[in-house]
Every structure is written in C-alpha cells, then in structure tokens.
Amino acid sequence: MLKLENVSIGYANIQVLHGISFHVNDGETVTIIGAVNGAGKSTTLKGIAGTLPKMKGSSIQFMGITFPNWKPRK
C-alpha cells in the first residue's frame with residue numbers, strides 16, 4: 001500500500017534522511033518512533049505527504065502509484 005525505496009529527504013540543500021526504505025501493507029498499522037528531537041520522524045512524514053520534496057531516491061509509492069515531487073494537494 002505504501003512503499004519508500006532508498007529515499008532521501010531534506011530541507012533546502014541539507015539532506016537529513018539518507019536512503020530510507022520501508023513498506024506498509026494494506027491493513028497494517030505502523031508507528032514511527034525515535035528520539036525526542038532529530039530522529040527524522042516528522043521529516044519522513046513530510047516527505048510522504050509531499051510538503052518536503054525527496055532529494056534522491058527511487059520512489060514513494062501509494063497503492064502502486066509512484067509519486068514524483070508533486071504538490072501535497074495532488
């Protein structure tokens with residue numbers, strides 16, 4: 001259902017997530033946990049939502065559709 005492959009995300013020219021990959025199958029519940037500050041939880045979600053563009057990486061897919069750096073409203 002949701003799949004990230006080797007995706008890097010950052011702010012402006014600063015890459016903060018390097019090559020993350022994971023998938024969430026239909027019907028699964030997944031939690032992103034980490035340190036209080038600076039672990040990349042919010043950055044990961046912003047990259048999935050499209051509010052931060054991916055800097056490098058293969059793809060972000062949702063329900064089999066690959067999303068390039070589209071605007072969040074799409």
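All of these numbers come straight from a predicted model, not from anything done at the bench. The analysis underlying the following values was restricted to heavy atoms, covering all of them including side chains, and did not include hydrogens, waters or symmetry mates.
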So how far is it from H18 NE2 to S8 OG, rounded to the nearest 0.5 Å?
7.0 Å

K3 NZ to I48 CD1 distance, which is reported to the nearest 0.5 Å
14.0 Å

All pairs passing side chain to side chain donor-acceptor pair (under 3.5 Å) where residues 21-43 contributes a residue, at least two apart:
Y11-T43

Starting at CD of E5, measure out to OG1 of T66 and round the result to the nearest 0.5 Å.
8.5 Å

For the residue pair V7 and I60, what are the closest heavy atoms and their distance?
CG2-CG1, 4.0 Å

I9 side chain near T44 side chain, heavy-atom distance below 4.5 Å
no

Hey, what do you get for CG (L2) to CZ (F22), rounding to the nearest 0.5 Å?
5.5 Å

T51/K46 under side-chain contact (heavy atoms from CB on, under 4.5 Å): CA gap, chis, key distance, verdict
CA-CA 5 Å; T51 58; K46 289 175 184 178; 3.2 Å; yes

